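Notes follow the structure.
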Amino acid sequence: MTTDRYNPREAEPRWQKVWDDKDLYASNTTPDNEKQPYYVLEMFPYPSGRIHMGHVRNYTMGDVVARYKRAKGFEVLHPMGWDAFGMPAENAAMKNKTHPKSWTYENIATMRDQLKSMGLSIDWSREFATCDVEYYGQQQKMFLDFLKHDLVYRKNAKVNWDPVDMTVLANEQVIDGKGWRSGAEVEQRELTQWFFKITDFADELLQAIDELDEWPDKVKLMQSNWIGRSRGAKISFPFVKGDGVKEDKLVCFSTRPDTLYGASFMAIAAEHPISLELAKNNPKLDAFIKECRKIGTSAADIETAEKQGFDLGLTVAHPFIEGKELPVYAANFVLMDYGTGAVFGCPAHDQRDLDFARKYALEVTSVVATPEAPDTPVEVADIAYVDDGVLVNSGPMSGKRKDDAINTAIDVLAERGLAEEEINFRLRDWGLSRQRYWGCPIPVVHCDDCGVVPEKEENLPVELPDDVTFDVPGNPLDRHPTWRDVPCPSCGKPAKRETDTMDTFVDSSWYFARFVTPTAENPTIPEAANKWLPVDQYIGGIEHAILHLLYSRFFARAMSIGGHMDIKEPFKGLFTQGMVVHETYGSQGMGWFQPSELDIREADGKRVATRLDNGEEVPIGGIEKMSKSKRNTVDPDEIIATYGADTARWFMLSDSPPDRDVEWTDAGAEGAHRFVQRVWRLVATWSGELAKIDLPETSNTNDVRKITHKTLKAIGEDIERLGFNRAIARIYEYVNTLSSVKADDADAEQKAALKEGLSVLVQCIAPMMPHLAEQCWEAMGGKGLVSEQAWPQFNADLAKDDVITMPIQINGKKRADLEVSPDANKDEIEAATLQLDVVVKYLDGKTPKKIIVVPKRIVNVVV
RNA sequence: GCGGAUGUGGCGGAAUUGGUAGACGCGCUGGCUUCAGGUGCCAGUGGCCUUACGGCCGUGGAGGUUCGAGUCCUCUCAUCCGCACCA
């Protein structure tokens with residue numbers, strides 16, 4: 001019998017239209033719907049132009065969950081939107097003389113079509129972009145709300161300033177300390193900016209991490225470390241030599257007050273008030289401070305910069321050691337934002353302090369001993385000793401372990417009024433001001449008389465003006481002829497609008513809540529939000545492990561305070577998927593090449609790439625994240641046009657565990673496509689013959705039927721835990737089993753089991769390859785659409801093994817197999833083991849020293 | 001620099017979380033089929049030794065714990081991600 005090949009190009013749009021016409025994926029969120037709600041969400045895309053394979057992978061995973069849960073009887077909410085504000089739109093506007101708005105919406109239109117061609121089960125009626133005025137207007141309402149509840153404030157903060165372009169630069173736009181366009185040396189400038197008080201929630205955000213039991217441990221750990229709660233002491237060091245300083249003491253924060261006897265210097269931030277004050281009369285110090293400002297604002301830059309200090313000529317008294325004075329330095333590695341902006345340096349027990357001490361020839365005094373040799377301090381050369389130990393030569397702390405010694409140090413100093421215990425957080429408040437056009441305007445007005453005044457709610461939304469130009473650098477809102485001019489909402493006199501817009505992280509901190517009621521007149525409808533939130537399963541990249549997820553957690557709390565909902569944790573289940581990577585071709589001076597520009601083939605066991613245009617050989621480079629700059633991207637459109645969406649979806653799920661990187665290879669895509677055809681062939685071959693057969697009786701317990709139920713059980717478990725690659729491996733095995741049934745020698749029972757098996761197969765692949773599944777379902781004469789079917793139930797008796805094979809080890813090495821009933825107890829297994837020829841041979845008449853029997857697992861005979 | 005991860009055949013990876021290492025797929029080898037194919041089917045495929053039976057070695061590297069380690073511990077090497085104005 002010949003069967004045609006399955007043609008996805010014809011079938012996929014057809015089934016998409018069928019789903020569309022039936023409005024199959026719209027969520028019914030009316031209150032009288034008794035189905036259990038399930039909210040699955042993938043991180044929404046930035047509309048950069050076209051979708052990439054990373055999107056295909058991300059949205060396929062979410063779609064599998066959505067389709068599976070729908071089949072399991074849940075009312076599934078699976079929406080899509082666009083994280084549409086941001087810098088690239090302005091860059092495009094500058095480069096291509098277009099407008100950020102038209103650039104963004106055109107990209108959205110393209111990408112929407114691309115996503116639709118993937119056959120995702122999304123409720124498109126809920127779609128919005130964060131740059132829709134209907135969305136950011138609601139965001140402005142919330143901002144005013146937060147302002148009212150004292151969750152927002154203004155303070156000075158540093159920005160990267162390009163003195164040539166006269167504009168603020170993002171960290172990304174600073175390359176080796178220079179502006180990316182002008183090439184000018186970047187300066188730091190202080191601006192008054194808006195901040196969310198996320199630090200008010202530091203403790204709560206930290207403690208609540210414990211309850212996020214459906215989050216990956218690594219993300220929870222990263223968030224904990226980011227919040228960085230540390231217990232320590234604020235310690236005062238009275239000045240001995242304090243010329244030119246108003247204060248009589250220097251206050252520092254330390255988490256290791258136990259090591260005070262090892263202190264040999266003090267270091268304060270270059271921006272510390274004392275340092276700034278002294279710089280007024282000290283040009284060298286002033287120059288040093290300016291030099292420190294050049295390092296940049298990013299943490300990585302500051303901490304990798306070579307340690308530099310400036311001796312301020314001051315000294316302070318050591319609080320424990322009578323007569324000892326410590327010199328005070330301004331240093332580039334001390335952060336003004338953390339603690340008090342001052343530390344005491346204990347070089348023996350802190351690596352940064354040690355590096356600094358070696359550079360400036362300061363004392364290194366070890367005051368910690370290992371528990372093994374508790375009397376002699378460890379010797380410190382180039383590596384500081386930071387582990388727990390026993391304090392020595394440390395007055396009241398001597399002989400105590402770290403934690404105990406810390407308490408003692410605080411207690412003793414506190415009695416003398418020199419210290420108090422303090423809890424410090426690494427977390428800083430969230431600066432949300434951006435000096436840019438393409439973002440949500442901050443709805444406040446600056447009035448000469450009234451100061452900073454919130455815009456009236458009835459005047460919202462504060463809409464971005466369309467008539468702006470990007471021919472010169474800087475924020476177009478600042479130079480707009482009229483937009484800024486508004487009456488003061490308080491006194492009515494002429495005033496000026498705030499021209500800063502919001503960080504795009506604000507937009508993405510609550511979009512999941514808006515999807516529940518995307519057209520509501522307020523940001524949310526609390527009853528609906530409370531019913532649908534938190535998101536049951538959130539899926540996205542690990543790169544968002546800290547900022548986006550932490551900001552959203554803060555936002556949920558702030559929104560609760562504002563009465564927008566009563567949910568504090570926005571994401572119940574979190575899954576972080578890996579990247580799509582691909583081989584790179586070229587460079588070493590010749591530039592990068594796209595796979596489509598090359599002929600890549602195997603020659604003499606080596607893969608060789610040559611240019612299609614001139615035959616020149618191009619080196620094959622490393623496997624890296626797909627990126628435009630390396631030109632190692634694969635366009636999903638082309639893949640879908642060649643193989644169909646199901647092949648792309650299947651491949652993205654099949655090869656690697658979903659949380660790891662997956663390498664795109666043509667061979668892999670072809671393999672996935674062969675499987676698509678194989679399933680179709682299997683179904684098409686049998687569909688005629690099986691049409692007449694009744695479904696199996698319960699008494700039918702042949703092997704095919706047992707494997708069907710075993711597979712069904714396993715696949716359900718795999719999908720529940722998002723083990724898509726494992727589910728797929730099982731489906732491959734299952735297809736191998738079903739394919740082994742041959743028409744010529746199959747009896748009636750086998751055919752009946754096969755009929756059931758094929759139906760189960762099609763339902764199992766439906767979440768991953770929905771179009772093929774519909775086509776197969778139709779061919780098999782299934783009722784309705786497979787997308788509408790309930791998930792098949794497995795029969796627990798059939799899914800159970802009658803007999804299991806246990807490995808028998810002798811001295812830890814496998815020597816035999818033993819077939820036993822899965823219910824066999826230890827004694828039965830041991831008895832059967834001792835009967836085995838191999839065991840008898842190895843024992844050679846002796847009694848074994850030990851027999852370890854782990855039922856259902858293993859037997860180990862120790863001779 | 002700090003924080004987080006990863007490392008298993010020629011390749012992607014599996015291993016019920018301390019219990020048969022290499023499931024499944026790709027690739028490769030041999031055979032068959034075919035109207036063409038980058039099609040389909042069958043068999044084989046970690047390394048070394050062995051005619052065979054079988055044996056030894058093997059999860060980045062070095063140690064350790066255990067009846068038993070890819071999995072736990074210590075050290076070490078390599079690669080990747082995040083670091084607060086990229087999204």
Side-chain angles (χ1 to χ4, degrees), chain A residues 5 43 45-46 48 83 85-88 157 159-160 168-174 193 198 216-219 221-222 224-226 228 297-305 307 333 337 351-352 355 426-436 503-505 508 541-548 550-551 576 578-579 581 602 605 622 624-625 651 654-657 659-663 665-668 670-672 674-675 677-678 681 714 717 723 725-726 728-733 736 739 805-814 816-817 849-852 854 856-862:
Chain A
R5 282 170 74 82
M43 291 178 185
Y46 177 78
S48 55
D83 189 12
F85 275 135
M87 229 168 33
V159 291
N160 301 307
V168 175
L169 297 178
N171 284 337
E172 194 188 51
Q173 298 171 314
V174 180
Q193 308 196 60
I198 190 171
D217 287 340
K218 60 178 170 183
V219 175
L221 193 55
M222 281 192 257
S224 295
N225 291 334
W226 186 260
T297 55
S298 96
D301 288 341
I302 293 167
E303 285 172 43
T304 49
K307 290 176 186 46
F333 65 91
D337 295 320
Q351 192 60 46
R352 283 181 306 182
D355 295 343
R426 211 185 72 98
L427 182 69
R428 308 200 297 256
D429 274 334
W430 172 10
L432 66 120
S433 295
R434 295 293 180 271
Q435 294 70 39
R436 277 197 271 278
D503 179 5
T504 56
F505 272 121
S508 56
I542 184 72
E543 67 273 19
H544 294 294
I546 297 172
L547 292 179
H548 162 59
L550 191 61
Y551 289 157
T576 54
M579 294 179 304
V581 295
E602 192 126 351
E624 296 183 41
K625 178 179 181 171
F651 179 41
S654 64
D655 252 19
S656 292
D659 53 347
R660 286 222 225 140
D661 292 352
V662 63
E663 187 192 348
T665 59
D666 291 342
E670 281 163 19
R674 273 203 294 275
F675 182 73
Q677 296 298 348
R678 196 170 164 212
R681 217 165 34 238
E717 288 165 359
N725 58 323
R726 281 185 287 210
I728 282 178
R730 279 188 224 282
I731 291 173
Y732 273 114
E733 284 178 272
N736 288 342
S739 303
T805 306
M806 286 177 62
I808 307 301
Q809 293 183 336
I810 293 166
N811 291 336
K813 282 196 186 299
K814 191 202 157 193
D817 284 316
K849 282 190 195 132
K850 205 174 186 183
I851 300 182
I852 292 124
V854 186
K856 292 185 188 174
R857 289 279 161 76
I858 205 161
V859 180
N860 191 6
V861 182
V862 185

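None of these values were measured; they are calculated from a predicted model. A, B, ... follow the sequence lines: proteins, then strands. Residue 1 opens every chain.
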Closest of B:U16, B:U39, B:A84 to the A:Arg857 side chain is B:U16

Regarding B:U17, purine or pyrimidine glycosidic angle vs 90° from 0 gives syn

Distance in angstrom units between A:Arg730 CZ and B:A23 C1', rounded = 9 Å

Paired with B:G7: which nucleotide, if any, by Watson-Crick or G-U wobble criteria at under 3.5 Å for both distances?
-> B:C77

B:U45 versus B:A23 - spacing of their C1' atoms, nearest Å = 15 Å

So A:Tyr551 and A:Phe505, would you call those rings parallel, tilted or perpendicular, with 30° and 60° as cut-offs?
-> perpendicular

Do A:Asp659 side-chain atoms and A:Gly578 backbone N/O form a donor-acceptor pair below 3.5 Å?
-> no

Tell me: CD1 of A:Ile728 to P of B:A23, nearest whole Å?
-> 18 Å

Atom pair distance, as rounded to whole Å: CG in A:Asp659 and P in B:U6 = 9 Å

N or O in side chain of A:Arg660 less than 4.0 angstrom from B:G7 OP1/OP2 | yes

So which nucleotide from B:G40, B:A84, B:C85 ends up closest to the side chain of A:Arg428?
-> B:A84

Between atom CG in A:Asn225 and atom P in B:C83, what is the gap in whole Å?
-> 15 Å

Is there a side-chain contact between A:Phe675 and A:Ile731 (heavy atoms, below 4.5 Å)?
-> yes

With heavy atoms under 4.0 Å as the rule, sort A:His548 into base, sugar-phosphate or nothing.
-> nothing

Would you indicate what A:Ile852 reaches in the nucleic acid, counting non-hydrogen atoms under 4.0 angstrom: base, sugar-phosphate, or nothing?
-> base

Pick base, sugar-phosphate or nothing for A:Val662, based on heavy-atom distances below 4.0 Å to the nucleic acid.
-> nothing

Atom-to-atom span, NZ of A:Lys218 to P of B:A5 - whole angstrom = 8 Å

Please measure how far the P atom in B:G40 lies from the corresponding atom in B:G46, and state the result in whole Å.
-> 23 Å

Can you tell me how far C1' of B:G54 sits from CD1 of A:Ile810, to the nearest Å?
-> 14 Å

So which nucleotide does B:A21 pair with, by the Watson-Crick or G-U wobble rule with both distances under 3.5 Å?
-> none

Anti/syn call for B:G31, syn if |chi| within 90° = anti

May I ask you to test the A:Gln435-A:Gln193 pair for a side-chain heavy-atom distance under 4.5 Å?
-> yes

Measure from the side-chain heavy atoms of A:Val168 and tell me the nearest of B:C24, B:U39, B:C85.
-> B:C85

Classify the nucleic acid contact of A:Asp661 as base, sugar-phosphate or nothing, counting any heavy atom under 4.0 Å across all strands shown.
-> sugar-phosphate

Tell whether A:Glu303 reaches the base of B:C83 with its side chain through a donor-acceptor pair below 3.5 angstrom.
-> no

Within the distance-only criterion (no hydrogens, no angle test), does the side chain of A:Asn860 pair as donor or acceptor with the backbone N or O of A:Ile852 below 3.5 angstrom?
-> no

Could you check how far CD of A:Glu172 sits from P of B:A87, rounded to whole Å?
-> 7 Å

Identified pairing partner of B:G44, criterion: Watson-Crick or G-U wobble below 3.5 Å = B:C28

So what does A:Gln173 hit on the nucleic acid, given a heavy-atom distance under 4.0 Å: a base, only sugar-phosphate, or nothing?
-> nothing

Do A:Glu670 and B:G38 share a donor-acceptor pair, side chain to base, under 3.5 Å?
-> yes

From B:U20, B:G4, B:A87, nucleotide with atom closest to A:Lys814 side chain = B:U20

Between A:Arg426 (side chain) and A:Trp226 (backbone), is there a donor-acceptor pair under 3.5 Å?
-> yes

Span that lies between the P atom of B:G7 and that of B:C73, in whole angstrom | 14 Å

Distance between P atoms of B:U8 and B:C2 (Å, rounded) | 26 Å

Quick one: label A:Lys813 by what it contacts on the DNA or RNA (base, sugar-phosphate, nothing), any heavy atom closer than 4.0 Å.
-> sugar-phosphate

Please confirm whether any donor atom in the side chain of A:Arg726 sits under 3.5 Å from an acceptor in the base of B:C24, or the reverse.
-> no

Using only heavy-atom distances, decide whether a donor-acceptor pair under 3.5 angstrom links the side-chain of A:Asn171 to the base of B:C85.
-> no

If we call it a pair only when both distances are under 3.5 Å in a Watson-Crick or G-U wobble match, what pairs with B:G82?
-> B:C2

When all nucleic acid strands are considered with a 4.0 Å heavy-atom cut-off, which category describes A:Ala667: base, sugar-phosphate, or nothing?
-> sugar-phosphate

Nearest of B:G19, B:A23, B:A84 to any side-chain atom of A:Glu733?
-> B:A23

What do the steps show when you test A:Asp83 against A:His548 for side-chain contact (heavy atoms from CB on, under 4.5 Å), and what is the final call?
-> CA-CA 12 Å; A:Asp83 189 12; A:His548 162 59; over 6 Å; no

Quick one: label A:Gly431 by what it contacts on the DNA or RNA (base, sugar-phosphate, nothing), any heavy atom closer than 4.0 Å.
-> sugar-phosphate

Report the C-alpha separation of A:His544 and A:Ser508 in whole Å, then their side-chain angles, then the decisive distance to 0.1 Å, and conclude whether the side-chain contact (heavy atoms from CB on, under 4.5 Å) test is met.
-> CA-CA 11 Å; A:His544 294 294; A:Ser508 56; over 6 Å; no

Assign A:Ser48 to base, sugar-phosphate, or nothing according to its heavy-atom contacts below 4.0 angstrom with the strands shown.
-> nothing

Find which nucleotide of RNA chain B each of A:Met87 and A:Pro657 is nearest to by heavy atoms, and output the residue with the more 5' nucleotide.
-> A:Pro657

Pair assignment for B:U39, Watson-Crick or G-U wobble, requiring both distances under 3.5 Å | none

Candidate nucleotides B:C85, B:C83, B:G40, ranked by approach to the side chain of A:Ala299 - the nearest = B:C83

Identity of whatever pairs with B:U65 - Watson-Crick or G-U, under 3.5 angstrom = none

When we call it a touch if two heavy atoms are under 4.0 Å apart, what does A:Phe333 touch: a base, just sugar-phosphate, or nothing?
-> nothing

Sticking with atom P, work out how far B:G19 lies from B:C32, rounded to a whole angstrom.
-> 45 Å

Look at the side chain of A:Ile546 and decide which nucleotide, out of B:G82, B:C24, B:G19, has an atom nearest to it.
-> B:G82

What interatomic distance, in whole Å, is found between C1' of B:U71 and the corresponding atom of B:A21?
-> 11 Å

For the base of B:C2, is there a side-chain donor-acceptor partner from A:Gln351 under 3.5 Å away?
-> no

B:C24 and B:U33: how far apart are their C1' atoms, nearest whole angstrom?
-> 26 Å

Whole-Å distance between B:A15 C1' and A:Asn725 CG?
-> 12 Å

Separation between the P atoms of B:A69 and B:G63, rounded to whole Å = 15 Å

Counting just side-chain N and O atoms, does A:Ser656 come under 4.0 Å of either OP1 or OP2 of B:G12?
-> no

Distance check: side-chain N/O of A:Arg426 vs OP1/OP2 of B:C2, anything under 4.0 Å?
-> no

Any strand: nucleotide that pairs with B:U16 via Watson-Crick or wobble, under 3.5 Å = none

How far does CZ of A:Arg730 sit from CG of A:Asn725, to the nearest 0.5 angstrom?
-> 10.0 Å

Determine yes or no for a side-chain-to-main-chain donor-acceptor pair under 3.5 angstrom, with A:Ser656 supplying the side chain and A:Asp661 the backbone.
-> yes

Complement of B:U71, any strand, by Watson-Crick or G-U distances under 3.5 angstrom | none

